[in-house]
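Take a look at the structure below.
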Amino acid sequence: MRLSRYYLPVLKETPADAQIASHRLMLRAGMIRQEGAGIYAWLPLGFRVLKKIEQIVREEQDRAGAVEMLMPTIQSADLWRESGRYDAYGKEMLRITDRADREMLYGPTNEEMITEIFRAGVRSYKDLPKMLYHIQWKFRDEIRPRFGVMRGREFLMKDTYSFDIDEARARASYNKMFVAYLRTFARMGLKSIPMRADTGPIGGDLSHEFIVLAETGESEVFCDRRLVDMDTPKKDIDFDDDLQPVIDQFTSHYAATDEMHDAAAFEKDVPEDNRVSARGIEVGHIFFFGEKYSNPMKAVVAGPEGGEIPVQMGSYGVGVSRLLGAIIEAHHDDDGCKWPVSVAPYHVGLVNLRAGDEACDAACEKLYAELTGEGVEVLYDDTSARPGEKFARMDLIGLPYQIVVGPRGLESSEAEIKTRADGAKENVPVDQVGTKVAAAVRAALQYA
RNA sequence: CGGGGCGUAGCGCAGUCUGGUAGCGCAUCUGGUUUGGGACCAGAGGGUCGCAAGUUCGAAUCUUGCCGCCCCGACCA
């Protein structure tokens, strides 16, 4: 993509409203634009990242055996009356009426709808288990939206729902999601730590929040360093195997958010050197809730001995739009974003330091064609802006690799490759730049 | 929802207390000089002062109502 054709409204000055790094950088880098309290338009650059995150989430869900579908954003109030949540949900739910005065709502979540869909098509225990998911926009009329996309009112969420015949098998579904989440976040360059969450009236031990550690995280978290250092399950893991040993490993050490924190247990169970007290961002939440919806909504199947058995359900959410904020919180510096290659809006920023100069133009065009031909995503700065402005803009939008082509380097037939993550710069013969960068991008996109 | 604050050019702000015909920096446009980390000189364009009603000879400024946004708290993916 040529920058001269792109829409990238970067801001030199920091917007007054933005409090935290990710919000500030997303506004400054022209990724989002606020259209209302907690409501954002996704500008081209931000939209590309959103799509990449979504795709990683999708790939890992598919790998775990979940099946994608899509449910509407607008739901009927009657559906929610079946579960009793229409009155229970409160003002957080955006309620609307259509022209016939029917009561509708903009979905804050989809348990009721998926239960209705499931019960319409499944009759027998032989049809189980099932895991269905969708990636859809939700709306929760938060009292106080803040931190940009980290806590918007409208947000993109992946939610999976599992249906099993009994609790033991529901646990197997839960475990699949647990592993899928570890992998999903790792692929985005995030270290996520599962932390026991409040299971409320359901009870049991089957609820975990996945927390990403980041200095500017919204909540305080406590855990054992051994969890931070633990290796993410590899991509050859078989989701049909018994995953319990993996779950046991990741739940074997202390980890709690501030609301579940037990200072005494923390000090007793965790050696002093291993105590991590940090800030975190919740990026995922998995939850087993048994018959909470299947019972009132009559989602039942015929069991092996006849008779109707309510299905055991769980739900598993990932805050897709929120992840942009989380990734920036974890990967940025004072100059801007530092995108991991897997979610970067473009892999490479090609900077023509003197657009209009014959040699610079020719070298850039050649590199652009070569890299694009290799499948590398290139944002080519072909504008007539001054060098300083171009450098600052590239650092701000944070593409993983920058290729700088200027008259000075071309005198010795060289261009500069800069790695945004560590700031390393290297002068490389122009005719080798394409191969070298393409190889680096390919290598970074490999994941275990 | 309680408490606090803001709304003036694309962005950041001054002007409001004490009413007199709207300003600064950045950005934008034109010309010129420049060009490897956010240039310089000269010139130009751009504002129903959030909306509405009121007071007044006269309102960005005073009064009332409404709308929008932000911050702190309780709540949340």
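Protein chains get the first letters and strands the later ones, always in sequence-line order, with residue 1 at the start of each. Side-chain atoms are counted along with the backbone in the values below, which use heavy atoms only and exclude waters and symmetry mates.
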From [options], nucleotide with atom closest to [X] side chain:
| X | options | answer |
| --- | --- | --- |
| A:Arg322 | B:rA74, B:rG36, B:rA77 | B:rA77 |
| A:Gln19 | B:rC71, B:rC76, B:rA74 | B:rC71 |
| A:Lys12 | B:rC69, B:rC26, B:rC76 | B:rC26 |
| A:Lys418 | B:rC1, B:rG37, B:rG36 | B:rG37 |
| A:Ala37 | B:rC69, B:rC76, B:rG38 | B:rC69 |
| A:Pro407 | B:rA77, B:rG38, B:rG36 | B:rG36 |
| A:Leu353 | B:rA77, B:rG38, B:rG36 | B:rG36 |
| A:Arg144 | B:rC69, B:rG73, B:rA39 | B:rG73 |

Return the stacking result for B:rG36 and A:Phe391: yes when the ring centres lie under 5.5 Å apart and the planes under 30°, no otherwise.
no
Students often get this wrong, so: under 4.0 angstrom with heavy atoms, is [X] touching a base, only sugar-phosphate, or nothing?
| X | result |
| --- | --- |
| A:Gly325 | nothing |
| A:Asp395 | base |
| A:Arg354 | sugar-phosphate |
| A:Ile143 | base |
| A:Arg393 | nothing |
| A:Val318 | nothing |
| A:Gly406 | base |
| A:Gln34 | sugar-phosphate |
| A:Arg33 | nothing |
| A:Lys425 | base |

Considering Watson-Crick and G-U wobble pairs with both distances under 3.5 Å, what does [N] pair with?
| N | result |
| --- | --- |
| B:rU30 | B:rA42 |
| B:rA60 | none |
| B:rC1 | B:rG73 |
| B:rG25 | B:rC11 |
| B:rG65 | B:rC51 |

[X], [atom1] atom: more than 12 neighbouring heavy atoms under 6.0 Å:
| X | atom1 | result |
| --- | --- | --- |
| A:Lys366 | NZ | no |
| A:Arg169 | CZ | no |
| A:Lys436 | NZ | no |

[X] vs [N]: side-chain N/O to OP1/OP2 distance below 4.0 Å:
| X | N | result |
| --- | --- | --- |
| A:Arg386 | B:rA39 | yes |
| A:Lys91 | B:rC1 | yes |
| A:Arg146 | B:rG73 | yes |

Distance, rounded to the nearest Å, where [X] contributes [atom1] and [N] contributes [atom2]:
| X | N | atom1 | atom2 | answer |
| --- | --- | --- | --- | --- |
| A:Asp334 | B:rG37 | CG | C1' | 15 Å |
| A:Ile53 | B:rA77 | CD1 | C1' | 14 Å |
| A:Leu323 | B:rA77 | CG | C1' | 10 Å |
| A:Asp141 | B:rA74 | CG | P | 19 Å |
| A:Leu324 | B:rA77 | CG | P | 19 Å |
| A:Glu416 | B:rG36 | CD | C1' | 8 Å |
| A:Leu27 | B:rC70 | CG | P | 11 Å |
| A:Glu414 | B:rG36 | CD | C1' | 14 Å |

Kindly indicate whether a cation-pi arrangement holds for A:Arg48 with A:Tyr346, taking the cut-offs as under 6.0 Å to the six-membered ring centre and within 45° of the axis.
yes
[atom1] spacing across the pair [N] / [M], given as an integer number of angstrom:
| N | M | atom1 | answer |
| --- | --- | --- | --- |
| B:rA44 | B:rA53 | P | 36 Å |
| B:rC69 | B:rC11 | P | 15 Å |
| B:rA14 | B:rU8 | C1' | 10 Å |
| B:rG7 | B:rC66 | C1' | 14 Å |
| B:rG31 | B:rA22 | C1' | 29 Å |
| B:rG38 | B:rA74 | P | 44 Å |
| B:rC40 | B:rA27 | P | 8 Å |
| B:rA9 | B:rA60 | P | 14 Å |

CZ of A:Arg225 to CD1 of A:Ile193: how many Å apart, nearest 0.5 Å?
9.5 Å
Can you list the steps and then say if A:Tyr174 with A:Phe288 is a ring-ring contact (aromatic ring centres under 6.0 Å, His included)?
CA-CA 7 Å; A:Tyr174 183 92; A:Phe288 169 74; 7.7 Å; no
Counting only distance, no hydrogens or angles, is the base of B:rG38 paired donor-acceptor with the side chain of A:Glu13 under 3.5 Å?
no
Please state whether the base of B:rC75 and the side chain of A:Arg151 form at least one donor-acceptor pair under 3.5 Å?
yes
Check the pair A:Leu323 / A:Phe185 against side chain to side chain contact (heavy atoms under 4.5 Å, CB included), numbers first and verdict last.
CA-CA 9 Å; A:Leu323 273 166; A:Phe185 302 131; 4.0 Å; yes
Which word best sums up how the rings of A:Phe266 and A:Phe222 line up, parallel for under 30°, tilted for 30 to 60°, or perpendicular for over 60°?
perpendicular
Can you classify the ring geometry of A:Tyr181 versus A:Phe210 as parallel (below 30°), tilted (30 to 60°) or perpendicular (above 60°)?
perpendicular
I need the full list of ring-ring contact (aromatic ring centres under 6.0 Å, His included) pairs touching residues 62-86 of chain A, with sequence neighbours left out, sorted by first then second residue.
A:Trp80-A:Tyr89
A:His285 vs A:Gly36, nearer the 5' end of RNA chain B by closest nucleotide:
A:Gly36
If you pin A:Ser384 and A:Glu35 to their nearest nucleotides in RNA chain B, which one's is more 5'?
A:Ser384
